[in-house]
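Structure record follows, encoded as structure tokens.
The shown structure was predicted, so the numbers you read here are calculated from the model rather than taken from an experiment. The chain is numbered in sequence order, starting from 1. Note that ligands are numbered from 1 as they come in the structure, with each ligand's atoms numbered from 1 the same way. Reckoned from all heavy atoms, side chains included, excluding hydrogens, waters and symmetry mates.
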Amino acid sequence: MAIFTNKSNRRKFIQNFAGTAGAIATIGMFQPLSTHAKNKSLNLALLSDTHIPEDVGNNYRGFYPYENLKTAAEQVAKSGLEGAVITGDLARLTGEPGDYSNLKLLLQPVTEKMPIAMALGNHDKREHFLTAFTTTTGQRQALKNKYVVVVDHTEIQLIVLDSMMTTNFTPGFLGKIQREWLTTHLESNKDKTILIFFHHSMGDSDNDLLDVDRLFKIIGPHRQVKAIFYGHSHVYNYDTREDIHLINLPALGYNFNDNEPIGWVEASFNKKGGEFTLHAIGGNKAEDGMKKELIWRS
Ligand SMILES: [Zn+2]
């Protein structure tokens, strides 16, 4: 395990090397940009459902996920943001090693500039992901068969959970061990502003997060939890549950419906709330550039 500090630009960050799968990384964080340090905001690119294939020409409904990430990665790399998060379905369908090598290649312009935290979706394969991405942004938690990461930035803390059950099986599940870990973690992190990230949607269908009610029993009373960011549905939407904001990030790979944008979201977080700007690169681009402001529950 080694700690690496990128001095090549002013977005200095610490990135951790997890060594082999299962090893635990030490503390890593998104360092504030000097220009933003005064108001302690955290400025991130939020992506979801990249669905990167091994075959670069693979397409669905006329969308080319490989080309879409190439475009978005160029935009994110130039954005001056401090970091990025991808909420799963990184790979096209079955999490093949070739999918992840393409993902890694496409993300290179971004990883040269900023740390990226990633969650796993139902089209990912944990072992193949961990073989391709041996470095972890943030602190990897010691959970068996789950990839859970905590990233700190002054008072803001990102928790990246693992809702993946089995590769290419649609529903999601956190499971008892992860829920117990979250309970303990929130008890000892009461002073933070906590934002949670995972892949699955939180409806009541058989293809959503199956233990969502048990998740809300845990996070509902912990007022430091302000928002959940997720993907899965390939829909861009804002909702709330128990005053916790639920932000459904747009898919980058392809949409299932012509009304939905293809793209990513630029987010600026602080202790009080967040501001979000849609960067639509395909699909329905009518709301490209549209801003949304959210105030956190107190
Ligand atoms: Zn997806």
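No side-chain heavy atom of V85 sits less than 4.5 Å from a side-chain heavy atom of F229. The shortest side-chain heavy-atom distance between V149 and Q141 does not fall under the 4.5 Å cut-off. For the pair L278 and P250, the minimum side-chain heavy-atom distance is below 4.5 Å.
No continuous path of hydrophobic side-chain contacts links L106 to Y64 [ILVMFWY only; heavy atoms under 4.5 Å].
Annotation: ring-ring contact (aromatic ring centres under 6.0 Å, His included) contacts of Y60 (sequence neighbours excluded): Y254.
With values rounded to the nearest 0.5 angstrom, E155 atom CD is found 6.5 Å from T193 atom OG1.
Counting only protein N, O or S atoms, the number found under 2.8 Å from the Zn ion (ligand 1) is 4.
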